[in-house]
Amino acid sequence: MVKSDINKFFENYLEKKGLFEDKKVLQSSYTPNNIPHREKEIKEIASMMAPALREEKPSNLFLYGKTGTGKTLSVLHVKEKLEKVSTSKKVGLKIFYLNCKLKKVADTEYRLIATLARQFGQNVPITGLPTDEIYRIFIESIDKESKNIILILDEIDQLVKKAGDEILYNLTRLNSELKNTQITFVGISNDLRFANDLDPRVKSSLTEEDINFPSYNALQLQDILNERSKKAFREKTIEQGAIEKCAALAAREHGDARRALDLLRVAGELAERENSEKLLIKHIDKAEEKIERDLISDVVSTLPKQSQLVLLSTFNLHDKMNSKIFTGDVYNLYKKLSSDVGLKPLTQRRMSDLIAELDMLGIINARVISKGRYGRTREISMTIPDSEIPDIKEGLTKWLNL
DNA sequence: CGAGATTCATGTGAAGTATACCTTTAGGCTTAA
DNA sequence: AAGCCTAAAGGTATACTTCACATGAATCTCGTA
């Protein structure tokens, strides 16, 4: 009985055609051939990098603009095309893309260089070598390879925030160490003010040329969504107005195209799970909530245990009393919790740094204030809407085996 | 009443420690001549 | 004797601790109007 039910379910599942034709198209890793409303920027990038084909050194390039404005996409697009030409014409050119935000990959000077060296096929250890040594290995390996190297550093602001701008200084000076090769840097930043806070020497050399990526407006987002949904969904599976709704929602938040695409994809997934014939507008509303939740719980779940504990403490305090939360309170609760879990509590000094990190990740808001006579502390408030907190708390307690 | 001193609770920087990992080196063992 | 393996020595990066000093506005103090 049961067995045949299950068989039937699977058979039905197979027979029933899903809404998606090709879901990959909506994922952020996908690079479409056609990038609407970025023709100008792509052309600019291409003309900046073109000298590399003649084995001349292109200027360093700096791209900035809010998240989801197509910076990464445009660069990768140009990269692909450029690589194609250069390999067919046998030009000595290599292009590397590296996202500096990835933890344990490129968030310190050592790790950044080590990752780069690894991309050149060098087998370098994750720790133990002097940083100079890593530089030497890296320089050596690229110097014999090819004439031109273009290094794309995505989310470069994150790197500087964590590890200081000395790295960039070292990097820009790298060219003087190289005999046969030249490195061109392409920096990408979401933070518009980032370049201004840099050491002037670094700034001038890194931003020889810069391109601003403006935010998309709702109409442009619609174009993008239409373009992609044609490939992603089967015909006539989207309710009239659904795409417009996606575009409008995403446009409300500074025109983030990635968000718009996520919205559409998750809505499609939800619709499919509900066995709905079409992607309806209501699915998009649900998708918005889900994305928010998933995004946060994704970050939270990859946090180190200690940070999770700190976060849980702040959430608990936030629930218990709706007054302001201060560092000292968090630390006391954290200490109690950590002994419950059987984790050795960190010092308050360290926790202070952890709170600062959580703030940087945008999971909480922590602001240093002075309470005058009553000392100085961080005042912590929530960035997450109250309705989402119980869910995340549940996840936290699970991960922490509480 | 108001300017300046005081105070508190913690921020923050620097230096030190523990841990995990790396390379080099020297000793001991095996092996082939 | 040459070659190979192993373990110790000496080095680094990273996460964390310890120590000590810095902060900055509410509150206190005290001289002055």
Side-chain angles (χ1 to χ4, degrees), chain A residues 98 100-141 158-171 174 197 199 299-314 317-318 320-321 323-339 341-381 399-400:
Chain A
L98 190 60
C100 303
K101 202 170 92 180
L102 299 177
K103 274 218 160 173
K104 307 275 173 188
V105 172
D107 61 351
T108 71
E109 182 166 17
Y110 181 90
R111 296 214 259 243
L112 174 76
I113 305 297
T115 311
L116 289 174
R118 229 167 271 142
Q119 299 223 352
F120 273 89
Q122 298 286 333
N123 197 5
V124 291
I126 48 169
T127 174
L129 290 188
T131 308
D132 308 1
E133 181 70 6
I134 272 288
Y135 265 108
R136 206 188 51 71
I137 292 174
F138 175 61
I139 288 172
E140 212 165 81
S141 67
Q158 300 286 328
L159 175 67
V160 172
K161 224 182 248 171
K162 280 204 94 162
D165 57 3
E166 234 169 273
I167 300 179
L168 294 184
Y169 183 65
N170 288 338
L171 282 178
L174 222 52
D197 304 340
D199 183 319
V299 176
V300 170
S301 68
T302 57
L303 243 36
K305 272 213 160 60
Q306 298 284 7
S307 302
Q308 291 184 344
L309 257 184
V310 174
L311 192 60
L312 185 61
S313 308
T314 54
L317 280 174
H318 174 74
K320 225 183 309 178
M321 44 182 211
S323 59
K324 311 266 185 214
I325 305 171
F326 302 118
T327 311
D329 307 333
V330 177
Y331 187 63
N332 286 334
L333 184 56
Y334 157 80
K335 241 185 352 196
K336 205 167 113 281
L337 279 178
S338 64
S339 70
V341 189
L343 225 53
K344 197 167 141 251
L346 299 175
T347 50
Q348 184 158 350
R349 175 72 184 83
R350 179 61 186 149
M351 201 201 65
S352 178
D353 285 346
L354 290 185
I355 290 179
E357 267 173 45
L358 289 175
D359 175 60
M360 276 222 328
L361 286 170
I363 302 172
I364 56 175
N365 257 321
R367 201 159 54 90
V368 180
I369 56 157
S370 176
K371 288 188 294 169
R373 183 70 212 277
Y374 304 103
R376 225 162 106 80
T377 183
R378 280 201 174 86
E379 184 187 276
I380 302 167
S381 58
W399 290 316
L400 291 165

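Just so we're on the same page: letters track the sequence lines, and every chain starts at 1.
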A side-chain contact here means heavy atoms from C-beta on lying under 4.5 Å apart; do [X] and [Y] qualify?
X         : Y         : value
Thr314(A) : Ile355(A) : no
Leu174(A) : Tyr135(A) : yes
Lys324(A) : Ile369(A) : no

(message) Side-chain N or O of Thr347(A) versus OP1/OP2 of dT18(C): is the shortest distance under 4.0 Å?
(response) no
(request) Could you check Arg373(A) against Arg378(A) and say which one's nearest nucleotide on DNA chain B is further toward the 5' end? (result) Arg373(A)
(message) Go nucleotide by nucleotide along DNA chain B from the 5' end; which of Ile126(A) and Asp329(A) gets its closest nucleotide reached first?
(response) Asp329(A)
Show me the donor-acceptor pairs within less than 3.5 Å that the side chains of residues 345-353 of chain A make with the rest of the protein, sequence neighbours left out.
residue	atom	partner	partner atom	Å
Thr347(A)	OG1	Arg350(A)	N	3.4
Arg349(A)	NH1	Asp353(A)	OD1	3.0
Arg349(A)	NH1	Asp353(A)	OD2	3.3
Ser352(A)	OG	Arg378(A)	NH1	2.9

Rounded distance in Å - [atom1] ([X]) to [atom2] ([N]):
X         : N       : atom1 : atom2 : value
Gln348(A) : dA15(C) : CD    : C1'   : 18 Å
Lys305(A) : dA15(C) : NZ    : P     : 17 Å
Ile134(A) : dA13(C) : CD1   : P     : 10 Å
Tyr331(A) : dC16(C) : OH    : P     : 13 Å

(request) Give one of base, sugar-phosphate or nothing for Pro304(A), where a contact means two heavy atoms less than 4.0 Å apart. (result) nothing
(request) Output the single nucleotide from dT14(C), dT23(C), dT18(C) whose closest atom is nearest the side chain of Tyr110(A). (result) dT14(C)
(message) Among dT17(C), dG24(C), dT27(C), which nucleotide has an atom closest to any side-chain atom of Leu346(A)?
(response) dT17(C)
(request) Please work out which residues in residues 349-364 of chain A have a non-hydrogen atom less than 4.0 Å from an atom of DNA chain C and list them by number. (result) Arg349(A), Arg350(A)
(request) Not counting sequence neighbours, list each pair that qualifies as a salt bridge (charged side-chain N to carboxylate O under 4.0 Å, His left out) and has a residue in residues 128-138 of chain A. (result) Glu133(A)-Arg136(A), Arg136(A)-Glu140(A)
(message) By the side-chain hydrogen bond (donor to acceptor under 3.5 Å, both in side chains) test, which pairs, at least two apart or in different chains, include something from residues 360-375 of chain A?
(response) Arg367(A)-Glu379(A)
(message) Under 4.0 Å from a heavy atom of chain A: give me the 5'-most and 3'-most nucleotides of DNA chain B that qualify.
(response) dT7(B) to dT23(B)
(request) Please name all residues satisfying side-chain hydrogen bond (donor to acceptor under 3.5 Å, both in side chains) with Thr377(A), sequence neighbours left out, ordered by chain then number. (result) Thr327(A)
(message) Main chain of Ser338(A), side chain of Gln306(A): is a donor-acceptor contact present, judged purely on distance under 3.5 Å?
(response) no
(request) Kindly give the heavy-atom pair with the smallest separation between Phe138(A) and Leu116(A), and that separation in Å. (result) CE1-CB, 3.5 Å
